Number of protein chains: 2
Amino acid sequence: MRIDDEVSGAGGRGAVAGNRGGTGRTVTSKDVARVAGVSQSTVSYVMSGKRPISARTRRIVEDAIAQLTYHPNAGARALASQRTQIVAVVMPFDVGLGAAGLMAFIEEITLAARARDHDVLIVTAEEGVDGLRRVAGRALCDAVVVMEVSTDDPRAAIARDLRVPTLFIGFPDDAAGLHCIDFDFEDGARLLVGELAGAARVSALVWGPDTVDRGLNYVPRFRAAAQEAAAAAGVQLDWVPLERDRVEEQVRTVLDGGGQALLVTSFLSRVVHAVQEAGLRPGTDLDLVALATDADATGFTVPLTAVSTHPRDVSRQAMSWLFDLLEQGAGPAGVRRVPAFVTRRSSVRASPTPRVP
Amino acid sequence: MRIDDEVSGAGGRGAVAGNRGGTGRTVTSKDVARVAGVSQSTVSYVMSGKRPISARTRRIVEDAIAQLTYHPNAGARALASQRTQIVAVVMPFDVGLGAAGLMAFIEEITLAARARDHDVLIVTAEEGVDGLRRVAGRALCDAVVVMEVSTDDPRAAIARDLRVPTLFIGFPDDAAGLHCIDFDFEDGARLLVGELAGAARVSALVWGPDTVDRGLNYVPRFRAAAQEAAAAAGVQLDWVPLERDRVEEQVRTVLDGGGQALLVTSFLSRVVHAVQEAGLRPGTDLDLVALATDADATGFTVPLTAVSTHPRDVSRQAMSWLFDLLEQGAGPAGVRRVPAFVTRRSSVRASPTPRVP
DNA sequence: TTGTACGCGTTATCAT
DNA sequence: ATGATAACGCGTACAA
């Protein structure tokens, strides 16, 4: 029933178990207190630093903690403190496409969370609104990040009533009262069109029905901005949604139609290959710019001028905001955009006309 | 201080909050009990079903639960029951390469977990052994899944002393006392070599230093089995570790050397393209088999005969085993292999010699 | 600077 | 079939 009052073996060694639950009782702060010869609350205060502790006491307690390899019990802590130290992340619906970018996202989120002693809980998009209600209702987490928000996302509505701060990656139509952040697709569109502003006509090879049907908010956002920028620059913009099974065919059609300036947001590698198959070389025979990660943009024989979506930047900023909310209490709601940048590589021939301010 | 004893508004409606923590106290089982006019413990038993409840009482309680949109508090539940209903998953080190397969893995794991009312917590590989100690020590989870195990994985050693069942995806050198599961790379190797058994010489274009240096256990496993199978079939096996920056060059060298039978495990798309660039067509001019997901194997103009790693199968089996451990107490340790299958497509010319039993 | 004591919301063991 | 009530392990107001 009791743990040795004295030092028992070398700290942390001595466990003999075999992969079982229940090897020699779990160590509690009370055990630490006993070994250290202080009260349980002192142990607690040593760990939290929420009260001044004499250097001597602190040392004794910390030694005891090390000796017993004490770890605070997450459940008990959550119950007492009303803090789980957990951030829930709601996944996108259709992974598989952007798996690489998504993993970067998750990595970054986990990193940011761990940096502040938080853990990350995965919630599938399939759980929908119930998922949100569940993790919030059960007090499984202190905050939620929702990825891949659609224009009419039902999760937006209920987020307003959640007991935990919720951060959306992407902008639903009605973002009032919500905290939303996303890559600045509008600015990205403007920049890309700007790179091709020398052309009379630009073909935008973009997200097809697959994406559009999911109501992903950035498609219309990107489109509107692109159209506007094209109009302002006096270039004609052809909007060509790429269909999974017809990409090569569509590219050929555009090329046959005399397409000299391509703006690509989807199926990049297939588009580039199709262009090359047609005997054309970006940067030599035509201009091609893309919305793509740096890795993707540089993965071809011709490095592409591109606006990168920098998934890591978005997640970093998202987490930074989230922890602000967590620490300072939910600040004012609003929409935040992560700036876009072009990297000029060699897939555009003419140096573009200077950007209009 | 108290919640309405009577029905208050339409169940679940009426919250007015704005994204804040603290909107109208959290609902507890005590509240449910009061509204239902029963004792708190009855509410608990209604939820757990661990004691017979009269139909009448059950209805009343369930109504109250619905009305108040009650959710049990995870922390309190974990504290009292010693069960967190959470499975921790330790990520691979270097994502980015197999991001797609990895996401499939995670999806499947999450699905399986949710099917049994568990959640999934992400742990980065970078946390190493401390990560394991932390999630187990803090009682953050009931079980752990460790992905991408290396031959001399330090996490294997400490897993034996963990208070929670731990499942390894992959086989460390010393698997004694551990629960390990993985795709049957040995059998996969045998099958692939078997498909090429007609050839006098087979070039194995395989994992390069990137992978080998990480001590991934399946590389030597695959190699040994492939060598053995080749020897038995009387074919010479050239082992060619692909280097990230020299893949195309290496493929050309092999082809120039008269390579007529290729066994590919890495950089598949680059290898296939290099072959095609050389004017050769798999299934017509040479034989090519691969270790690849079905999606990858069918992503080329010539569908490839391949052994699929079926990440989803592995994770499903892993989770099934894990929950067995969780429910029936840690069963006997051991190593489990998920069977390999070839899918014959059109990248091999001759129908292969029948497989030796 | 430190100790005492209560409460967090459940589960589960006694009773009845 | 149901109701009290004692843990569960920690945080923190209140005392000293």
Side-chain angles (χ1 to χ4, degrees), chain A residues 1-3 21-22 25-61 64-65 68 70-85 117 136-140 142 163, chain B residues 1-3 21-22 25-62 64-65 68-86 117 137-140 142 163:
Chain A
M1 199 46 171
R2 48 198 274 283
I3 278 209
R25 291 178 48 262
T26 65
V27 179
T28 74
S29 60
K30 215 162 160 182
D31 299 320
V32 175
R34 199 180 316 138
V35 170
V38 300
S39 80
Q40 180 267 326
S41 72
T42 297
V43 175
S44 182
Y45 281 118
V46 165
M47 299 211 63
S48 71
K50 291 195 176 174
R51 148 200 277 197
I53 300 281
S54 77
R56 180 176 134 65
T57 305
R58 156 162 288 121
R59 255 195 32 78
I60 296 180
V61 170
I65 288 178
L68 303 178
Y70 163 72
H71 291 271
N73 180 289
R77 177 176 271 191
L79 186 54
S81 67
Q82 307 283 39
R83 285 281 190 184
T84 60
Q85 306 291 107
D117 196 27
R138 292 193 171 184
L140 265 168
D142 296 333
R163 17 171 310 295
Chain B
M1 198 49 169
R2 47 198 275 282
I3 278 210
R25 291 175 52 259
T26 65
V27 179
T28 75
S29 59
K30 213 163 163 180
D31 299 320
V32 175
R34 197 181 315 138
V35 170
V38 300
S39 82
Q40 184 271 331
S41 70
T42 296
V43 175
S44 181
Y45 281 115
V46 165
M47 299 213 63
S48 71
K50 290 192 176 176
R51 150 200 277 195
I53 300 281
S54 78
R56 180 176 133 64
T57 307
R58 155 162 290 119
R59 255 196 31 79
I60 297 181
V61 170
E62 280 170 349
I65 287 178
L68 303 179
T69 61
Y70 162 72
H71 292 272
N73 180 289
R77 178 176 269 191
L79 185 55
S81 68
Q82 310 281 41
R83 285 280 189 182
T84 60
Q85 305 293 106
I86 288 184
D117 197 27
R138 293 193 169 184
L140 265 168
D142 297 333
R163 16 171 311 294

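Below, read A as the first sequence line, B as the second, and so on, with proteins coming before strands; counting in each chain starts at 1. Since we're looking at a predicted model, the values are computed, not measured.
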Working to the nearest 0.5 angstrom, can you tell me the gap between [X] [atom1] and [Y] [atom2]?
| X | Y | atom1 | atom2 | answer |
| --- | --- | --- | --- | --- |
| S44(B) | R51(B) | OG | CZ | 9.0 Å |
| M47(A) | I65(A) | CE | CD1 | 4.5 Å |
| Q40(B) | D31(B) | CD | CG | 10.5 Å |
| D117(A) | R83(A) | CG | CZ | 12.0 Å |

message: Within the structure provided, determine whether L68(B) and V35(B) are in side-chain contact (heavy-atom separation under 4.5 Å).
response: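 Side chain of L68(B) against side chain of V35(B), heavy atoms only: contact under 4.5 Å found.
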- prompt: Can you find a heavy atom in the side chain of H71(A) that is under 4.5 Å from one in the side chain of V27(A)?
  reply: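 When only atoms from C-beta onward are counted, V27(A) and H71(A) do not touch, as no gap falls below 4.5 Å.
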- request: Pick base, sugar-phosphate or nothing for V38(A), based on heavy-atom distances below 4.0 Å to the nucleic acid.
  value: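 Sugar-phosphate only.
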task: Using heavy atoms to find the nearest nucleotide of DNA chain D for I53(B) and L79(B) separately, return the residue whose nucleotide is more 5′.
output: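 That would be I53(B).
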- request: Rounded to 10°, tell me the angle between the two end axes of the helix from dT1(C)-dA16(D) to dT16(C)-dA1(D), each built from five pairs.
  value: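 Result, rounded to 10 degrees: 40°.
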Specify the separation, in whole Å, of atom [atom1] of [X] and atom [atom2] of [N].
| X | N | atom1 | atom2 | answer |
| --- | --- | --- | --- | --- |
| L68(B) | dG9(C) | CG | C1' | 15 Å |
| R138(B) | dC10(D) | CZ | P | 11 Å |
| N73(A) | dA7(D) | CG | P | 18 Å |
| R163(A) | dG9(C) | CZ | C1' | 13 Å |
| H71(A) | dC10(D) | NE2 | P | 12 Å |
| K30(B) | dA4(D) | NZ | P | 12 Å |
| R83(A) | dG9(C) | CZ | C1' | 18 Å |
| R34(B) | dG3(D) | CZ | P | 15 Å |

query: Below 4.0 angstrom from OP1 or OP2 of dT2(D), is there any side-chain N or O of T57(B)?
result: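 Yes, because at least one side-chain N or O of T57(B) sits under 4.0 Å from OP1 or OP2 of dT2(D).
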query: Does a nitrogen or oxygen in the side chain of T28(A) sit under 4.0 Å from OP1 or OP2 of dG9(D)?
result: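 No, because none of the side-chain N or O atoms of T28(A) sits under 4.0 Å from OP1 or OP2 of dG9(D).
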query: How does protein reach along nucleotides 11-16 of chain D, written 5' to 3' as B (base within reach of a heavy atom under 4.0 Å), S (only sugar-phosphate), or - (no contact)?
result: BBBB--
- request: Please report the closest heavy-atom contact between A76(B) and L79(A), naming both atoms and the distance.
  value: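 Between these two residues, the closest heavy atoms are CB-CD1, 3.7 Å.
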query: Looking only at heavy atoms, what is the nearest atom pair of V38(A) and T57(A), with distance?
result: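 Answer, listing the atom of V38(A) first, then T57(A): CG1-CG2, 4.1 Å.
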- prompt: With sequence neighbours left out, what residues match S39(B) under side-chain hydrogen bond (donor to acceptor under 3.5 Å, both in side chains)?
  reply: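 S39(B) satisfies side-chain hydrogen bond (donor to acceptor under 3.5 Å, both in side chains) with S41(B), T42(B) once adjacent residues are dropped.
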Nucleotide nearest S54(A) when distance is taken to its side chain, options dT1(C), dC10(D), dG9(C):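 Between dT1(C), dC10(D), dG9(C), the one nearest the side chain of S54(A) would be dT1(C).
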